[in-house]
**Q** 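Please read through the structure below; I'll follow up with questions.
Below, each value reflects all heavy atoms present in this structure, side chains not excepted, and no hydrogens, waters or symmetry copies. Naming convention: chains lettered A, B, ... in sequence-line order (proteins, then strands); numbering from 1 in each chain.
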Amino acid sequence: MIEENKVTIGRASVDEAANTESEKKPEFEEIKELGKTSISTAKGNIHCLTVIGQIEGHMVLPPQNKTTKYEHVIPQLVAIEESEEIDGLLLILNTVGGDVEAGLAIAEMIASMSKPTVSLVLGGGHSIGVPMAVSTKYSFIAPSATMTIHPIRLNGMVIGVPQTYEYFDRMQDRVVQFVTKNSKISKENFRELMLKTGELANDVGTILFGEEAVQYGLIDETGGLQDALKKLYELIEEKKRNGNNISKGSGQRPEGLQ
Amino acid sequence: MILYSIVPPEVVFGNFGWCENQNYIEVNYSGERVVVMPLSNNRYMISRVISTSPKAYLNPKLMPGNIITGTF
């Protein structure tokens with residue numbers, strides 16, 4: 001008796017489910033179709049590029065280093081810029097620095113992209129990670145993340161001290177100029193942070209926490225993944241409305257560029 | 001090359017000269033030329049992609065560090 005009941009109940013529920021499924025089928029498809037179109041127009045497809053460890057440039061670093069390879073990232077950026085399916089780029093940074101030229105090259109590539117770009121610094125965006133973090137149209141930093149700003153160093157024996165000093169000063173200038181061009185921090189403030197004493201044990205420089213980086217104008221906002229994605233979709237939306245013009249990009253030049 | 005990093009150079013460049021023992025080989029994988037490092041049992045680790053097609057660099061199968069199997 002009980003078993004019979006069970007069977008009938010079971011059968012009834014199966015039939016019911018089948019009925020509802022067949023009834024709902026066109027509706028489901030509609031939702032699916034509509035959902036699909038609305039997602040690709042309203043929100044858009046994003047590509048996530050993670051930069052971790054050392055930025056590897058002209059030298060293949062020994063295997064104890066986790067590296068982000070310059071020759072891999074550059075064509076990726078070209079593909080992202082050219083791809084019709086990708087609407088925006090999310091740059092996730094957790095880097096300890098690396099090759100100056102490679103880092104600046106990647107940062108310049110990102111800064112000159114026409115697609116909406118948003119960066120999120122998690123953990124740390126140190127040294128050459130700073131220009132990379134500010135290269136996007138909008139930047140976020142996790143409150144717990146840090147950014148170390150310090151001068152470009154040189155180890156070992158130096159021949160021709162004045163010349164070497166001059167050379168490194170000019171190398172450093174490239175970083176300072178890029179950062180000040182692509183963020184709200186002033187040249188004076190950035191240099192001051194770079195040459196500050198008493199914060200790092202064996203070096204001059206500053207460690208900025210998430211909130212401090214925002215206060216100095218280096219990064220636009222503190223936030224997490226949700227905020228970064230929201231902003232990126234906003235930028236995509238804005239770009240779709242205004243055509244190809246986005247507020248900040250390669251065309252922007254600072255007034256006082258020396 | 002100028003290193004701009006918070007990691008001391010001796011840590012970054014420690015164990016230098018490791019590459020002399022590595023024998024990288026260039027193979028065709030998924031229709032693209034890749035440089036791989038042989039591991040063992042027909043397993044290879046992708047070191048870099050050599051392609052002029054930017055799309056190849058978006059292929060998750062061809063990311064550096066990926067382990068692939070096959071006979072080349």
Side-chain angles (χ1 to χ4, degrees), chain A residues 47 49 53-69 71-83 85-86 95-104 124 126-131 146 148 150-156 167-168 171-172 175 200 202-203 205 207, chain B residues 1-41 43-70 72:
Chain A
H47 195 88
L49 182 68
Q54 291 273 342
I55 314 294
E56 194 179 280
H58 304 298
M59 256 182 205
V60 180
L61 296 178
Q64 75 267 26
N65 298 288
K66 268 197 177 184
T67 63
T68 297
K69 290 173 193 294
E71 78 272 23
H72 198 83
V73 173
I74 295 288
Q76 262 184 325
L77 291 172
V78 175
I80 292 163
E81 175 73 12
E82 280 297 292
S83 170
E85 294 106 63
I86 301 168
T95 176
V96 288
D99 187 81
V100 169
E101 314 249 295
L104 281 178
H126 310 286
S127 318
I128 203 70
V130 177
T146 58
T148 311
H150 64 96
I152 296 175
R153 297 192 207 92
L154 177 66
N155 283 47
Y167 179 70
F168 270 77
M171 285 295 121
Q172 205 164 280
V175 175
L200 301 178
N202 56 353
D203 204 348
I207 295 182
Chain B
M1 178 186 150
I2 298 169
L3 196 72
Y4 185 37
S5 169
I6 52 161
V7 181
E10 58 271 23
V11 176
V12 175
F13 294 114
N15 192 19
F16 214 64
W18 62 280
C19 32
E20 286 162 25
N21 330 322
Q22 305 294 332
N23 46 334
Y24 288 98
I25 49 167
E26 213 181 294
V27 298
N28 253 322
Y29 180 71
S30 303
E32 294 293 346
R33 280 206 88 61
V34 288
V35 176
V36 294
M37 193 173 85
L39 299 171
S40 59
N41 300 328
R43 283 163 73 244
Y44 299 87
M45 191 174 81
I46 293 179
S47 174
R48 62 176 294 200
V49 183
I50 303 172
S51 175
T52 47
S53 158
K55 280 219 161 81
Y57 294 87
L58 290 181
N59 188 346
K61 280 200 287 185
L62 301 176
M63 292 291 159
N66 232 18
I67 310 279
I68 58 169
T69 49
F72 298 109

**Q** Stepwise, does the side-chain contact (heavy atoms from CB on, under 4.5 Å) test hold for Lys55(B) with Glu82(A)?
**A** CA-CA 9 Å; Lys55(B) 280 219 161 81; Glu82(A) 280 297 292; over 6 Å; no

**Q** Picking from Leu3(B), Ile2(B), Val11(B), which has the most non-hydrogen pairs under 4.5 angstrom with chain A?
**A** Ile2(B)

**Q** Which answer fits Asp99(A), side chain, backbone, both or neither, if we ask what part of it has an atom under 4.5 Å from a heavy atom of chain B?
**A**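 Interface part for Asp99(A): both.
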
**Q** If every non-hydrogen atom of Gln64(A) is compared with every non-hydrogen atom of Gly14(B), which pair is closest and at what distance?
**A**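 Gln64(A) and Gly14(B) have their closest heavy atoms at NE2-O, 2.7 Å.
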
**Q** Pick from Val78(A), Val175(A), Ile152(A): which one has the most heavy-atom pairs with chain B under 4.5 Å?
**A**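 Top count of heavy-atom pairs under 4.5 Å with chain B: Ile152(A).
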
**Q** What's the shortest heavy-atom distance between Met59(A) and Phe13(B), and which atoms?
**A** SD-CE2, 3.8 Å

**Q** Shorter than 4.5 Å, heavy atoms on both sides: which option in Gly57(A), Gly97(A), Pro75(A) has the most such pairs with chain B?
**A** Pro75(A)

**Q** Is chain B contacted by the side chain of Val73(A), its backbone, both, or neither, given a heavy-atom distance below 4.5 Å?
**A** neither

**Q** Evaluate the side-chain contact (heavy atoms from CB on, under 4.5 Å) criterion for residues Val49(B) and His72(A): first the C-alpha distance (whole Å), next the side-chain angles of each, then the deciding distance (0.1 Å), finally the verdict.
**A** CA-CA 7 Å; Val49(B) 183; His72(A) 198 83; 3.7 Å; yes

**Q** Which of residues 29-36 of chain B have a heavy atom under 4.5 Å from any heavy atom of chain A?
**A** none

**Q** Go through the atoms of Leu200(A) and report whether side chain, backbone, both or neither lie under 4.5 Å from a heavy atom of chain B.
**A**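 Contact with chain B is absent: no heavy atom of Leu200(A) under 4.5 Å.
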
**Q** Among Gln172(A), His58(A), Gln54(A), Glu81(A), which residue forms the greatest number of heavy-atom pairs with chain B at distances under 4.5 Å?
**A** Gln54(A)

**Q** Parallel, tilted or perpendicular, judged at 30° and 60°: which one describes the rings of His150(A) and Tyr4(B)?
**A** tilted

**Q** Please confirm whether the backbone N or O of Ser5(B) pairs with a side-chain atom of Arg153(A), one donor and one acceptor, at under 3.5 Å?
**A**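 Yes, the answer is positive, given that a donor and an acceptor are paired below the 3.5 Å cut-off.
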
**Q** His47(A), Met171(A), Glu71(A), Lys69(A): which one forms the most heavy-atom pairs within less than 4.5 Å of chain B?
**A** Glu71(A)

**Q** If you count heavy-atom pairs under 4.5 Å between each of Gly65(B), Pro8(B), Pro9(B) and chain A, which one has the most?
**A**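 If we count pairs closer than 4.5 Å to chain A, Pro9(B) comes out on top.
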
**Q** Taking the side chain as C-beta and beyond, is there a heavy-atom pair between Ile86(A) and Leu58(B) under 4.5 Å?
**A**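 SC-SC contact between Ile86(A) and Leu58(B) confirmed.
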
**Q** Less than 4.5 Å apart, any side-chain heavy atom of Val7(B) and any of His126(A)?
**A** no

